[in-house]
Amino acid sequence: MNQDSVLPPQYDPTGLEQELYRQWERRGLFEPRSDRTPPGPPSSLTPPSTRPYVIMMPPPNVTAQLHMGHGLNLSIQDVLVRFERMRGRDTLWVPGTDHAGIATQNVVEKMLAKEGRTRFDLGREEFVRRVWQHVEETGSAILNQVRALGASCDWHRAYFTLDEDLSRAVREVFVSLYERSLIYRGKYIINWCPRCLTALSNEEAEKTETEGKLWHLRYPLEDGGRITVATTRPETILGDTGIAVHPEDPRYRALIGRHAILPLVDRKIPIVGDEAVDPAFGSGAVKVTPAHDPTDFDIGKRAGLPSINVMTDDAHMNDAVPERFRGLDRFVARKRVVAEFEALGLLEKIDNHQHAVGRCYRCDTVVEPRLSDQWFVKMKPLAAPALKAYQDGSLRFIPEHRGAEYAQWIENIRDWCISRQLWWGHRIPVWYCLAPTCRKITASRTDLSACPECQGAVRQDDDVLDTWFSSQLVPFSSLGWPESGDELSRFYPGDTLVTAPEILFFWVARMVMAGLEFMNDLPFRTVYLHGTVRDTRHRKMSKSLGNGIDPLDVVTRYGADALRYTVVSGLSVGTDLILDPEDLDASFSAGRNFANKLWNMGRLLLSHVDGPVRPLAGGHPDVVRKAELTLADRWIIARCEETVREATAAYERFRLNDAALAVHRFLWSDLADWYIEGIKPRLYGEQPGGDVARAVATQTFDVALRLLHPVMPFITETLWRRLPGHTEEDSISVAAWPASDRRATDGGALRRFGALQELVGAIRSIRAEYAVQPGHTVRARIATPSPDIAAVLEADGAIVSRLAKLSALDLGAPEAQDDAAHAILPDGTAVTIPLGDLVDVLKECARLGNELGRLQGAISGQEAKLDNPQFAARAPAAVVDREREKLAAWREQAGALAEKRRRLGCPE
RNA sequence: GGGCGAAUAGCUCAGCGGUUCAGAGCGCCUGCCUUACACGCAGGAUGUCGGGGGUUCGAAUCCCUCUUCGCCCACCA
């Protein structure tokens, strides 16, 4: 059968991948099935668990575009899920999206800004409607992008964090924590983003080292003298309500209890003693601004100092400051304050000072620590079990050292600010009674229209919850919790969480705590934290740097398989993935080329399996009687077995790159380059054993495709379905994982075939050195000290002849002819090829000789020209130089030619 | 300021006490359009395994130190 008409030589995944994905989804192959066939004989170190394999997708922002980090994350997860599914486990991969409060709200606000409107113009209800509309328009895009990568999720269970049932879970958790006093409302210093106009959690306020200044400023004392304080934010001086010194500091001890006069404001402020002050830093005296600094807030609380907020929501100076400062931007005010101090002679000095400045993780604006009313979760009680789970080993991290980070964070955990001054998100389920006599605050699972206490009118809290408050619940809220049901008991707890280290605290740690608190069990046992995608300058890929790679673009140009192969083979545990956004080919052509190689291997094999291939049981052709197998057959079967073990063990240990490379080596180097090349005479009927060769080749190819399927699902599916024994109705995605079979192990075959490979290599080297045309055959004489090898050559010399292109292969004592090329292998095997056979070398010598002769003639002519005094006298300098350069170049060429002739052993 | 990781071919990375551990892919050089594949085939070059010291019969592999890069945490104003 001529397959060429059906299968073009160039593999094109376009369209094919989408079609396959639609089929998979339609056939429900990604849905969990408890009736899956049990795993075959163990091919692994650890037999698969009988529990379902459940994995949770880190929810991308619902309206975002996929970036390469997602490509990496989804590829890894899909490899794991597909591997477990093929091993026969009941698998579930839950996809989902995140409403991403700040980000999504920002997007819609920007759209409004183009219409010249703000969210306040629309009002809350209308604004939220607009956001929903935007989400509905764009939200499915990201899920289709996930599909395009081949991710085998169960779409029936896709969640969105603002869905009704997930929202119910959010309420349940909030109220439950509130009732147990684990949620409280309080006035604290929080990180405020003056651009997004909302509070941020500590994790959302990213600290960046910044080169700043440290201003040393003098405050006059009430009763004479001065005290110097140091600050990085002079504008906050306007809100100072005290000065703190260390109680034991001999320089200042006497001043405690006295007062200073705050310059510019003329406020009388006390000097207090507090342990928090480091006498060694700055001047050893600290200005205290309780409303704008967390440390100062604590000091102020201890000393009973008032708090004066001096800024508006958008970080301009407010009415609490002297009139001339009002309305100024905080950084303008900073300059103004310093200038006035200087004018008053109160500026002592300015030091350069490097310090950490918090910035909004969404818009990079410098956050303003600010006193305000917010909701908090008391974390200590929730954290204790989460720490214990790590310490007793029930929660494990890969790479291991990430666990230490987790533990450190948990140990120093601080209360979580969960309120956000946004409109997009889960509104805090708290109602305030408006009746002045009642004023009751109620947290409720259902909306309230009247105060449960006095039936008076109520008003719901304006704020929404931090997006992560809902995300932390998805391991159980996406399975129907708080309703208890079969889904929940079957799929909770899950197995593995695969995510980027950036959200270890945002998401992972909080899921652990929530799971332990509300489900009384860990949401997963293993946390695999993969690396970050960076460019060749090792910068994180990001939109703002413009160094990103669009995974969909890669899929279009190279195919999802190529993307996945590149990502998986290039990422080892604990390292980052470096890709070049300027040169996609450098990164992704390897994957594309591999897919094309597989395609062509398939084309070749399929063109030879016209009729039914002799069925072979198990993964290995062990039912073929050993006697029928040639050395090459036994070798490839043994290599196949080795690869099954290697790849399986690697997948189990998250060493996905090792797995991918092991299969790659087997398919390309072993199967294609050696085995298939070697058996061609059998396939073409020039030698006996064609049936066996065909069977062995297709069977081992089948095994290798299955091993590769988790990494390259599309090309493997495409080819596998056409292999003998399978139909278009079958799917490799639910085919049995190849079983290891000890009977296929064959150390002797590996060793002996290895010797033949060396032999072939030696002959090929000689051929290359003498520039023998590929079409020409040569005679080789081989003398080996090993009776083993001699026997092999006797029986299987044909394959050496084929691979090294020999016309004859003689065995026996080495021929000591001078006109022959020789090679000696490490084991002492000697190869002799008569020079007469290397006929091309003589032709080449002649050609080189002619060329060299011509060149030498030209050189002597040129030398004569340059030596000619008339030429030297008349020609312009530039021309002389040019002619000299010409001569030098020719001499160099002649040298190269002579060297080439010498290398080929040409006669003089 | 604490804690952690990494430094191996031009690039990205395997190898982490000893039998081919000096490797892979890409890149580079030479020759081939040998009818599965030029997204290919064959051959080839390239590294005192960051510097220094130590442990050992033996170290890229363990220990110390220095240098250089990353990452995490931290209220030093």
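We name chains A, B, ... by the order of the sequence lines, and we start the count at 1 in each one. Since the structure is predicted, the reported quantities are computational estimates derived from the model, not experimental observations.
- A salt bridge links A:Arg233 with A:Glu368: the closest approach of a Lys/Arg side-chain nitrogen to an acidic carboxylate oxygen falls below 4.0 angstrom.
- Nearer the 5' end of RNA chain B, as judged by each residue's closest nucleotide, is the contact made by A:Lys680, out of A:Phe594 and A:Lys680.
- Pairing partner, B:U46: none, since no Watson-Crick or wobble contact has both distances short of 3.5 Å.
- Taking atom P on both nucleotides, B:C69 is separated from B:C62 by 23 Å, rounded to a whole Å.
- At a cut-off of 3.5 angstrom, the base of B:A36 holds no donor-acceptor pair with the side chain of A:Gln10.
- The partner of B:C13 is B:G23, judged by Watson-Crick or G-U wobble contacts that both fall below 3.5 Å.
- Note on ring orientation: taking the six-membered ring where Trp is involved, the planes of A:Phe594 and A:Trp668 are parallel (angle under 30°, cut-offs 30° and 60°).
- With a cut-off of 3.5 Å on both Watson-Crick or G-U wobble distances, the partner of B:A59 is given as none.
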Exercise for review: Quick one, give me the B/S/- string for nucleotides 15-28 of chain B, reading 5' to 3', where B means a protein heavy atom under 4.0 Å from the base and S means that only happens at the primed atoms, P, OP1 or OP2.
Suggested key: S-------------

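- Atom CG in A:Leu604 sits roughly 9 Å away from atom P in B:C37 (whole-Å rounding).
- With a cut-off of 3.5 Å on both Watson-Crick or G-U wobble distances, the partner of B:G40 is given as B:C32.
- When rounded to the nearest whole Å, the span between CG of A:Asn600 and C1' of B:C33 equals 14 Å.
- In this structure, the CZ atom of A:Arg603 is 12 Å from the C1' atom of B:G40, given to the nearest Å.
- Taking the P atom of each, B:U48 and B:U67 are spaced 24 Å apart, rounded to whole Å.
- Atom CG in A:Leu671 sits roughly 14 Å away from atom C1' in B:C37 (whole-Å rounding).
- Results of the side chain to side chain contact (heavy atoms under 4.5 Å, CB included) test with A:Val711 over A:Val663, A:Asp561, A:Val568 single out A:Val568 as the only residue that passes.
- The residue A:Thr575 sits close only to the backbone: its heavy atoms come under 4.0 Å of sugar-phosphate atoms, none of a base.
- Inter-residue side-chain proximity for A:Ile676 and A:Phe701 is flagged as unmet; no heavy-atom pair is nearer than 4.5 Å.
- A:Phe588 comes within 4.0 angstrom of no nucleic acid atom, judged by non-hydrogen atoms across all strands.
- For A:Arg682, the side chain to side chain donor-acceptor pair (under 3.5 Å) partners at least two apart in sequence or on another chain are A:Thr630, A:Asp633.
- Within 4.0 Å (heavy atoms only), A:Ala595 reaches no atom of the nucleic acid at all.
- Note on A:Glu646 versus A:Arg665: salt bridge recorded, some NZ/NE/NH1/NH2 to OD/OE distance being below 4.0 Å.
- Ring geometry for A:Phe588 versus A:Tyr558: interplanar angle of 30 to 60°, hence tilted.
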Study note, to complete from the structure: Contact string for nucleotides 71-77 of chain B, one letter per nucleotide 5' to 3', B = base within protein heavy-atom range under 4.0 Å, S = sugar-phosphate only, - = neither, reads SSSBBBB

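- At the phosphate of B:A36, OP1 or OP2 sits under 4.0 Å from a side-chain N or O atom of A:Tyr684.
- Contact annotation for A:Asp576: backbone-only contact, meaning every heavy-atom pair under 4.0 Å involves sugar-phosphate atoms and none involves a base.
- Nucleotide B:U67 is matched to B:A7 when pairs are restricted to Watson-Crick or G-U wobble geometry with both distances under 3.5 angstrom.
- Rounded to whole Å, the distance from OH on A:Tyr565 to C1' on B:U12 is 13 Å.
- When the nucleotides B:A42, B:A36, B:U34 are ranked by their closest atom to the side chain of A:Asp673, B:A42 comes out on top.
- Rounded to the nearest Å, the gap between the C1' atom of B:U68 and that of B:G50 is 8 Å.
- Remark: B:G1 base-pairs with B:C73; criterion is Watson-Crick or G-U wobble with both hydrogen-bond distances under 3.5 Å.
- Distance alone, capped at 3.5 Å, is enough to place a donor-acceptor pair between the A:Trp599 side chain and the A:Pro8 backbone.
- Taking atom P on both nucleotides, B:U19 is separated from B:C37 by 42 Å, rounded to a whole Å.
- Spacing between B:A38 and B:C33 at atom C1', rounded to whole Å, works out to 7 Å.
- Taking atom CG on A:Asp583 and atom C1' on B:U12, their separation rounds to 13 Å, with Å as the unit.
- Going from atom CG of A:Leu579 over to atom P of B:U12 covers 12 Å, rounded to whole Å.
- B:A7 and B:U12 have their C1' atoms separated by 14 Å, with the value rounded to a whole Å.
- If you measure from atom CD1 of A:Ile578 to atom P of B:A6, you get 16 Å, rounded to the nearest angstrom.
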Check your understanding: Could you go step by step and tell me if A:Ile271 and A:Tyr252 meet the side chain to side chain contact (heavy atoms under 4.5 Å, CB included) rule?
Key -> CA-CA 9 Å; A:Ile271 297 169; A:Tyr252 301 118; 6.0 Å; no

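- Using P as the reference atom, B:G51 and B:A59 are 15 Å apart when rounded to the nearest Å.
- Classification of the A:Tyr684-A:His608 ring pair by plane angle, with boundaries at 30° and 60°, yields perpendicular.
- Defined by atom type and a distance below 3.5 Å, a donor-acceptor pair is present between the side-chain atoms of A:Thr289 and A:Asp240.
- Taking the C1' atoms as reference points, B:G47 lies 8 Å from B:U8, given to the whole Å.
- Using a 4.0 Å heavy-atom criterion, one finds that A:Arg592 contacts the bases of the nucleic acid, with or without backbone contacts as well.
- Taking the six-membered ring for Trp and thresholds of 30 and 60 degrees, A:Tyr528 and A:Phe654 have ring planes inclined between 30 and 60 degrees apart.
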